[in-house]
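See structure below.
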Number of protein chains: 2
Amino acid sequence: MATKNSLQKPSVCVCMNVRRASRAITRIYDQALEPSGLKVTQFSLLANIDAHGPLNISALARLVTLDRTTLVRNLRPLESAGLIVNAPSSDPRERQLSLADKGLLVMGQARPQWKDAQRKMRQTVGMENLQVLDHLTTLLEGLANIPAQERGRHE
Amino acid sequence: MATKNSLQKPSVCVCMNVRRASRAITRIYDQALEPSGLKVTQFSLLANIDAHGPLNISALARLVTLDRTTLVRNLRPLESAGLIVNAPSSDPRERQLSLADKGLLVMGQARPQWKDAQRKMRQTVGMENLQVLDHLTTLLEGLANIPAQERGRHE
DNA sequence: CTGTGATGCGTGCATATACACGTATCATAA
DNA sequence: TTATGATACGTGTATATGCACGCATCACAG
């Protein structure tokens, strides 16, 4: 008889499997980043703001493939914590996001922790599998309809 | 020069890539299930309750690898909608979850929709990649520390 | 019977995520 | 200069997720 015990999760649903993987890997990164006080989602936003200079929310949303309105709220804690600056821009419609000094500091602390997790991940999972993963991500995003923001605008 | 345009998301963070994949595939399944009025997460819970008979919340949590307290709330809409029954049990601590008649009905409607998505997914992604995915999921869950509920109880 | 660890539940709090709407401003054609 | 589509934002609402805590009950050793 095969292992009839504990670790038996033969969920056939591809989606739920990806979601479970997402939860598990998120836990791993969050634990690694714990000393910095950042969640991996927040680390990601800060890193993108840092890398892609001052940008507005919509641009950041496109960059990370997140619903814009999700971003509006996800950025809130970061601004409250003084990690980012949300300044008005010449175009009164938009606002410019950039890292605050404190944000730079925290990122300096967090990056090594993230790199550890990242390195461990590459070693454990292996580059081949990671490439498959990246391929799948791209593929899936292609399959999914364009996000709400771009969909049915005034149709 | 390579494609310098639109679809360029070379996020190096393995975790964020999995999260993006999770969001994308969730959108696909949610759209497929839309006629039934279920989200894929809800479909999954109903399917598990249906398949694994009457069980309590903790057992279901272990089954789907979800935090128990998450489940407490995720089940709420399903009970409100009259899809599941949350009945007291002989042991007053626990409660028995089972599908209500309406739940069976809705699942009857939803299953073909889920199967469509599932089939499309298998075709598009390919069995090989899906197996890699399942392997990764198991691997990641092994790496992640045991969920909170089982961790440091009274330590 | 009584103490104690194990088990089962629910809540407060905080974050993540998306959709439906509504509003303001820009840019440009008419 | 004025209508109109495109662009940028924020809010209301609802679900998903997990952690820290606290409470009740069971099972069992003593």
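This is a predicted model, so every value here is computed, not measured. Convention: sequence-line order gives letters A, B, ...; per-chain numbering from 1.
- One interatomic measurement links the two molecules: CZ of A/Arg19 to P of D/dT17, which rounds to 4 Å at whole-angstrom precision.
- Contacts between residues 94-109 of chain B and DNA chain D, defined by a heavy-atom separation below 4.0 Å, involve no residue at all.
- As rounded to whole Å, 15 Å separates atom P of D/dC19 from atom CG of A/Leu33.
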Tabulate protein N/O versus nucleotide N/O from nucleotides 1-4 of chain D, keeping only pairs under 3.5 Å, one per line.
none

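- Scored by the side-chain contact (heavy atoms from CB on, under 4.5 Å) test, A/Thr70 finds A/Leu66, A/Asp67, A/Asn74 as partners (sequence neighbours excluded).
- In this structure, the side-chain contact (heavy atoms from CB on, under 4.5 Å) partners of B/Ala117, at least two apart in sequence or on a different chain, are B/Tyr29, B/Ala32.
- The side chain to side chain donor-acceptor pair (under 3.5 Å) test applied to B/Asn56 returns B/Glu94, not counting sequence neighbours.
- Taking atom CG of residue B/Asn56 and atom C1' of nucleotide C/dA6, one finds them 14 Å apart after rounding to whole Å.
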Nucleotide N/O of nucleotides 11-15 of chain D paired with protein N/O under 3.5 Å:
| residue | atom | partner | partner atom | Å |
| --- | --- | --- | --- | --- |
| D/dT11 | OP2 | A/Arg76 | NH1 | 3.1 |
| D/dT11 | OP2 | A/Arg76 | NH2 | 3.4 |
| D/dG12 | N7 | A/Arg73 | NH1 | 3.4 |
| D/dG12 | N7 | A/Arg73 | NH2 | 3.2 |
| D/dG12 | O6 | A/Arg73 | NH2 | 2.1 |
| D/dT13 | O4 | A/Arg73 | NH1 | 3.4 |

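- Residues passing the salt bridge (Lys or Arg N to Asp or Glu O under 4.0 Å) test with B/Arg93 are B/Asp91, sequence neighbours excluded.
- Side-chain atoms of A/Asp30 come within 3.5 Å of backbone atoms of A/Val40 as a donor-acceptor pair (strictly under, hydrogens ignored).
- Between the P atom of C/dT11 and the CG atom of B/Leu75 lies a distance of 13 Å, rounded to the nearest Å.
- Between the A/Arg23 side chain and the B/Thr65 main chain, a donor and an acceptor come within less than 3.5 Å of each other.
- The interatomic distance linking A/Leu83 (CG) with C/dT15 (P) rounds to 12 Å, in whole Å.
- When heavy atoms are screened at a 4.0 angstrom cut-off, B/Asp91 is found touching the sugar-phosphate backbone but no base atom.
- For residues 38-48 of chain B, no residue pair satisfies the salt bridge (charged side-chain N to carboxylate O under 4.0 Å, His left out) rule, not counting sequence neighbours.
- Annotation: salt bridge (Lys or Arg N to Asp or Glu O under 4.0 Å) contacts of A/Arg95 (sequence neighbours excluded): none.
- Looking at residues two or more places apart in sequence or on another chain, you find a side chain to side chain donor-acceptor pair (under 3.5 Å) between A/Thr26 and B/Arg19.
- The base of D/dT7 sits within donor-acceptor range of the side chain of A/Arg93, with an N or O pair under 3.5 Å.
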Under 3.5 Å, sequence neighbours excluded: what are the donor-acceptor pairs made by side chains of residues 122-131 of chain B?
| residue | atom | partner | partner atom | Å |
| --- | --- | --- | --- | --- |
| B/Thr124 | OG1 | B/Lys120 | O | 2.7 |
| B/Asn129 | ND2 | B/Val125 | O | 3.0 |

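- Screening residues 97-118 of chain B for salt bridge (charged side-chain N to carboxylate O under 4.0 Å, His left out) gives B/Asp50-B/Arg111, B/Asp116-B/Arg119 as the qualifying pairs, with residues at least two apart or on separate chains.
- Rounded to an integer number of Å, the gap from B/Ile57 CD1 to D/dA24 P is 18 Å.
- The distance from atom CZ of A/Arg62 to atom C1' of D/dA6 is 12 Å, rounded to the nearest whole Å.
- Note: CG (B/Leu55) to C1' (C/dT7) measures 16 Å, nearest angstrom.
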